[in-house]
Chemist: 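Sharing a structure below in structure tokens format, with a few things to ask.
A, B, ... follow the sequence lines: proteins, then strands. Residue 1 opens every chain.
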Amino acid sequence: MPVCSLVSEDDSHKPIQLHHQQSVTLGRGPETKIKDKKCSREQVELRADCNRGFITVKQLGVNPTNVDNVVVGKGNQVTVKPGQRLYMVNQQYPYRVRFTEDTSTPRSAAELSKPSKRAHRMSSEGNAEKIKSPANTASDHHKMSDDSPPPKKIPPSGSDKSESAGHWSQGLKVSMQDPKMQVYKDDRVVVIKDKYPKARYHWLVLPWDSISSLKALRSEHVELLKHMQRVGDQMLQQCPDAHKLRFRLGYHAIPSMSHVHLHVISQDFDSPCLKNKKHWNSFTTDYFVESQDVIAMLEHDGKVTVKEGTSESLKLPLRCHLCRKEQPTIPKLKEHLKTHLPS
DNA sequence: GTTCTAGAAC
DNA sequence: GTTCTAGAAC
């Protein structure tokens, strides 16, 4: 898992380590060397999500904390990603967040063996059910302690093939009902592995309720979407590689497949199924809308709007999502991505 | 969403 | 000549 540090941009003190999912309160004091009385001793509460590469910032003090040019506001919470600037108070004391790969601490044998013990079911919700199935393709090869016969292909039982039901765009509705595809389910959602994963880990979280697309979402769906995101986060908790890979959770602005689905995808993009520009840009441009942004939009506006011209994002030049370097072709891009893979 | 392939790009 | 893309068909 990457390590997060909060870096003072005017270099007034050493970077402050933020540990994954541990809240830290900062403000006027020795750690920041801020002596400004406008800055509360408890100005902000910070919490890093190292898997997903952002921190949340809650303003506790009365005077404004800013992210770029926007005031957070007392009691409010926002996220800060690399590239954004956090000002502790009054547009002063600039900070950046930085995520670096943790190469210093090799994992213990105990930690390594932990993820393969899949016996413990997913924790939080009572009626959740972790289905006995390897969670990913990448480690299956070495991990398969499988005593069951290889999965057989059973044709979909619904033989009443009305034209729309059999259409390729309805494929997710079929897959999500197939117990062999299900990796997790509870009373509200089901998780399946993407049939054509675009990275080492690529899951889809789908609600049982049929919601055709982002356009159909309303305020009443906020809780469901929050649950989908929680379930997506839980997938990372049981993912054996979550410590060394970054993940993003989000929706395609204009998906091809019907039925709302949350992508949970590792950021290695190391997959033979990633074949063309559309694949690439759908996960690395504005076409990919963060789960938290969808939820925020829904809470704020009661609906989700997609910026006009978002479909044009699919035609953008191939650009590395990590170093922003442009690549001429898909094969060259894939070659380039190898340079960013964790060792 | 994928597969297939003509023809552009090299 | 081969590689790669983009659009049609499914």
Chemist: Looking at the rings of His202(A) and Phe283(A), which for Trp means the six-membered one, are their centres under 6.0 Å apart?
Modeler: yes
Chemist: Would you jot down, in residue-number order, the residues of residues 247-261 of chain A having a non-hydrogen atom under 4.0 Å from DNA chain B?
Modeler: His252(A), Pro255(A), Ser256(A), Met257(A)
Chemist: How is Lys278(A) classified with respect to the nucleic acid when contacts are heavy atoms under 4.0 Å: base, sugar-phosphate, or nothing?
Modeler: nothing
Chemist: Measure from the side-chain N and O atoms of Gln59(A) to the backbone N and O of Thr65(A), and report whether any donor-acceptor pair falls under 3.5 Å.
Modeler: yes
Chemist: Applying salt bridge (charged side-chain N to carboxylate O under 4.0 Å, His left out) as the test, list every pair that has at least one member in residues 37-63 of chain A; sequence neighbours left out.
Modeler: Asp49(A)-Arg52(A), Arg52(A)-Asp233(A)
Chemist: Can you give me the dot-bracket string for DNA chain B, 5' to 3', counting Watson-Crick and G-U wobble pairs with both distances under 3.5 Å, using [ ] for crossing pairs and | for partners on another strand?
Modeler: ||||||||||
Chemist: Looking at every strand, decide which applies to Lys315(A) at a 4.0 Å heavy-atom threshold: base, sugar-phosphate, or nothing.
Modeler: nothing
Chemist: Indicate, with a heavy-atom threshold strictly under 4.0 Å, whether Leu172(A) touches base, sugar-phosphate, or nothing.
Modeler: nothing
Chemist: Show me the pairs that pass salt bridge (charged side-chain N to carboxylate O under 4.0 Å, His left out) and involve residues 282-297 of chain A, at least two apart or across chains.
Modeler: Arg248(A)-Glu290(A), Asp286(A)-Lys307(A)
Chemist: Have a look at Thr329(A) and say if it touches a base, only the backbone sugar-phosphate, or nothing, with a 4.0 Å heavy-atom cut-off.
Modeler: sugar-phosphate
Chemist: With sequence neighbours excluded, tell me which residues meet side chain to side chain contact (heavy atoms under 4.5 Å, CB included) with Ser311(A).
Modeler: Ile254(A)
Chemist: Does a side chain donor of either Asp186(A) or His227(A) reach within less than 3.5 Å of an acceptor in the other side chain?
Modeler: yes
Chemist: Which heavy atom in Cys273(A) sits nearest to a heavy atom in Pro197(A), and how many Å separate them?
Modeler: CB-O, 3.2 Å
Chemist: Arg188(A) side chain to Lys185(A) main-chain N or O, any donor-acceptor pair under 3.5 Å?
Modeler: no
Chemist: Would you check if the distance from the ring center of His279(A) to the ring center of Tyr196(A) is below 6.0 Å?
Modeler: no
Chemist: Using a 4.0 Å cut-off to any heavy atom of chain A, which nucleotides of DNA chain C are the first and last in contact, reading 5' to 3'?
Modeler: dC4(C) to dC10(C)
Chemist: How about Tyr201(A) and Val264(A): do any of their side-chain heavy atoms sit closer than 4.5 Å?
Modeler: no
